[in-house]
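Predicted model only: the values in this text are computed from it and were never measured.
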Amino acid sequence: MTDTEKKVMVRLCTKILTETDLYEMDMEVRNLVDWLCVSEQVKENNNKIRSLIGEYKQIEPECREGSREKLERMEKLCEERNSLYEKQNGLKGRREKLERSFVK
C-alpha cells in the first residue's frame with residue numbers, strides 16, 4: 001500500500017469514527033485507534049532519537065578536541081535521548097498490551 005493510499009484510508013476511517021459512536025461503543029475499535037496513535041508516537045520518538053544521535057555524532061569529534069560547551073551539549077543530548085528511550089519503552093509496552101487485546 002502506498003503512502004497516499006494509507007493517508008486516504010486513515011482519513012476515511014477518521015471520518016467514519018467522527019460521524020458515528022463506534023469509538024465509544026466498540027472496544028476493539030477503541031483499541032485499534034489507540035494502537036495506531038501509540039504507534040505514531042513510537043515513530044515520532046524514533047525519528048527524534050535518530051536526529052539526536054545524528055547531532056551527537058556531528059558534535060563528538062569537536063568535543064574530543066576540547067570544546068567545553070560542545071561537551072555540555074552532548075550531555076544534554078544524551079539525557080534527552082535516554083528520556084525518549086524510557087518513553088519509548090512505556091509506549092511499546094502499551095502498544096503490546098493493545099495488541100494482546102486484538103487476539104481475544
- Message: Just verifying a value: how many Å separate S39 OG and R94 CZ, rounded to the nearest 0.5 Å?
- Response: 10.5 Å
- Hphob cluster co-occupancy, L52 + Y85, side-chain heavy atoms under 4.5 angstrom: yes
- Does L84 belong to the same Ile/Leu/Val/Met/Phe/Trp/Tyr cluster as Y56, with side-chain heavy atoms less than 4.5 Å apart forming each link? yes
- Task: Grab the two heavy atoms, one from Y23 and one from D34, that are nearest each other, plus how far apart they are.
- Result: OH-OD1, 2.9 Å
- Message: What's the separation between atom CE in M9 and atom OG1 in T14, rounded to the nearest 0.5 Å?
- Response: 11.0 Å
- Query: Do the side chains of L36 and L12 join up, straight or via other hydrophobic residues, at under 4.5 Å, putting them in one cluster?
  - Reply: no
- Query: If Ile, Leu, Val, Met, Phe, Trp and Tyr residues are connected whenever their side-chain heavy atoms lie under 4.5 Å apart, and connections chain through other members, are L17 and L98 in the same group?
  - Reply: no
- Task: Report the distance from atom OG of S83 to atom NZ of K48, rounding to the nearest 0.5 Å.
- Result: 9.5 Å
- Query: Between K76 and E79, is the closest basic N to carboxylate O distance under 4.0 Å?
  - Reply: no
- Please name the pair of heavy atoms, one in L22 and one in I16, separated by the smallest distance, quoted to 0.1 Å. CD1-CG2, 4.1 Å
- What are the two closest non-hydrogen atoms of Q41 and Q88, and how far apart are they? O-OE1, 4.1 Å
- Rounding to 0.5 Å, atoms CD (E28) and CG (N31) come to a distance of 8.0 Å
- Query: Counting only N and O atoms by type, is there a donor-acceptor contact under 3.5 Å from the side chain of S51 to the main-chain atoms of N47?
  - Reply: no
- Rounded to the nearest 0.5 angstrom, the SG-CZ distance for C78 and R73 is 10.0 Å
- Note on the structure: To the nearest 0.5 Å, atom CD1 of I59 lies from atom CD of E75 at 11.5 Å
- Less than 4.5 Å apart, any side-chain heavy atom of E55 and any of M74? no
- Indicate yes or no: at least one non-hydrogen side-chain atom of I49 is less than 4.5 angstrom from one of I53. yes
- Query: Honestly curious: do M25 and V33 fall in one hydrophobic cluster under the side-chain, below-4.5 Å linking rule?
  - Reply: no
